[in-house]
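Shown next, in structure tokens, is the structure this report addresses.
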Amino acid sequence: MKKIVVLTGAGMSAESGIRTFREMGGLWEEYDVMEVASPQAWENNPELVLRFYNERRKKLFEAEPNQGHQGLVELEKYFDVQIITQNVDDLHERAGSKSVLHLHGELKKARSTANPNLIYELDHWELKLGDTCEKGSQLRPHIVWFGEAVHAIHDAALICETADVFVVIGTSLNVYPAAGLVDYAPNGIPIFLIDPNDVYSSNNRLTVIKEKAGTGVQKLITILKNEYL
Ligand code: OAD
């Protein structure tokens with residue numbers, strides 16, 4: 001089976017009602033990223049950080065996977081599909097995708113501030129000051145903040161190196177190291193980019209499908225089936 005590696009970003013979940021970051025009306029227009037998504041923010045104003053992620057989590061509990069997520073599940077009938085996502089939502093998993101690697105953490109999880117290996121699934125949207133791990137330390141969102149290491153990047157790069165086809169969906173390719181993963185795609189393999197807007201990439205091997213994720217993934221399925229089945 002051919003291996004399709006898919007790198008997804010916020011645009012993947014836009015049609016599920018989850019806001020993107022850098023577009024007009026995006027989250028980073030309303031919030032200063034360093035005041036809600038950095039270790040300094042957590043030190044200076046943990047209430048604000050918790051409120052920011054609680055709002056995101058509340059929306060996520062109300063959201064459903066969209067046609068794009070579902071299309072990637074359909075692709076698994078014909079291909080070995082490995083998803084690498086910058087998204088902290090669980091919409092790929094809820095759609096039914098079998099292999100999902102999260103680069104930037106997971107919104108529905110919290111972890112101990114004392115021991116990063118103590119990670120808990122949240123069954124409710126609200127995480128509060130005073131919510132603690134089993135050892136009594138405050139819990140924080142299980143999110144990779146700006147300035148923190150992206151521990152999954154090494155595994156992600158290894159997956160990219162084994163791709164037969166590489167697909168990028170709904171990311172502005174602004175944030176590294178995630179954006180650099182495209183360059184781990186082996187020489188000569190097809191690389192598709194699905195996005196309704198222009199995305200700058202230094203990689204000149206991209207075939208652009210200028211559509212939203214829902215329609216774009218359907219077009220991709222047709223192209224790949226024609227090419228490989
Ligand atoms: P951005 O907000 O930077 O980019 C979103 C991309 O999605 C843009 O290129 C849009 O054109 C595109 N888009 C919008 N609607 C779409 C749709 N319906 N279908 C497909 N694409 C659509 O989001 P990311 O690139 O994911 O990190 O941002 C990367 C990281 O920056 C995030 O993981 C987050 C953020 O700060 C952390 O919080 C650590």
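Note that ligands are numbered from 1 as they come in the structure, with each ligand's atoms numbered from 1 the same way. Numbering of residues begins at 1 and proceeds along the displayed sequence.
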Could you identify the single nearest non-hydrogen protein atom to [atom] and state the distance to 0.1 Å?
atom	value
atom 13 (N) of ligand 1	G11 CA, 3.6 Å
atom 8 (C) of ligand 1	D195 OD2, 3.6 Å
atom 5 (C) of ligand 1	G170 O, 3.6 Å
atom 26 (O) of ligand 1	A10 N, 2.8 Å
atom 28 (O) of ligand 1	R22 NH1, 3.1 Å
atom 14 (C) of ligand 1	E23 OE1, 3.2 Å

K2 NZ/CZ over Y78 ring centroid, <6.0 Å and within 45° of normal: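 Judged by the rule (NZ or CZ under 6.0 Å from the ring centre, within 45° of its axis), K2 is not positioned above Y78.
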Do R56's NZ or CZ and the ring of F52 fall within the cation-pi criteria of under 6.0 Å and 45°?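 So R56 does make the cation-pi contact.
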Any donor-acceptor pair under 3.5 Å from S16 side chain to I18 backbone: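 Such a contact is absent between S16 side chain and I18 backbone.
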Check [X] against [Y] and note the closest heavy-atom contact, atom names and distance.
X	Y	value
E29	E23	OE2-O, 4.1 Å
D164	I189	O-CB, 3.3 Å
A178	L7	O-CD2, 3.9 Å

Would you check whether [X] has a nitrogen or oxygen atom less than 3.5 angstrom from a nitrogen or oxygen atom of ligand 1?
X	value
P196	no
W145	no
E15	yes
E211	no
Y53	no
I169	no
A213	yes
A14	no

Distance under 4.0 Å to a non-hydrogen atom of [X]: what atoms of ligand 1 satisfy this?
X	answer
Q86	29 (C), 33 (O)
W28	35 (C), 36 (O)
G9	26 (O)
N197	10 (C), 11 (O)

Could you check I143, L139, I119 and say which one makes a side chain to side chain contact (heavy atoms under 4.5 Å, CB included) with R111?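 Among I143, L139, I119, the one that satisfies the side chain to side chain contact (heavy atoms under 4.5 Å, CB included) with R111 is I119.
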So that I can tick it off, tell me whether K98 and E76 are bridged by a salt bridge, with the cut-off set at under 4.0 angstrom between side-chain N and carboxylate O.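 So E76 pairs with K98 through a salt bridge.
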Are the charged groups of K210 and D198 less than 4.0 angstrom apart, N to O?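 Salt bridge: yes.
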Determine whether [X] and [Y] make a side-chain contact, defined as any pair of heavy atoms from C-beta on separated by less than 4.5 Å.
X	Y	value
L72	I169	yes
L50	P141	yes
V168	V199	no

Angle class for the W28/F146 ring planes (parallel below 30°, perpendicular above 60°, tilted otherwise)?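 Judged by the thresholds at 30° and 60°, the geometry between W28 and F146 is perpendicular.
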Using a heavy-atom cut-off of under 4.0 Å, does the side chain or the backbone of [X] touch ligand 1, or both, or neither?
X	result
T171	both
K212	both
V144	backbone

For side chain to side chain donor-acceptor pair (under 3.5 Å), just list the numbers for N54 and R57, CA-CA rounded to whole Å, side-chain angles, deciding distance to a tenth of an Å, and then say yes or no. CA-CA 5 Å; N54 284 343; R57 200 176 298 109; 2.7 Å; yes
Counting heavy atoms only, which of [options] is nearest [atom]?
atom	options	answer
atom 30 (C) of ligand 1	V175, V217, L103, T215	V175
atom 27 (O) of ligand 1	R19, H104, M12	H104
atom 1 (P) of ligand 1	S38, S172, G216	S172

Does G26 come within less than 4.0 angstrom of ligand 1, counting non-hydrogen atoms of the residue?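 Outside the 4.0 Å threshold, so no.
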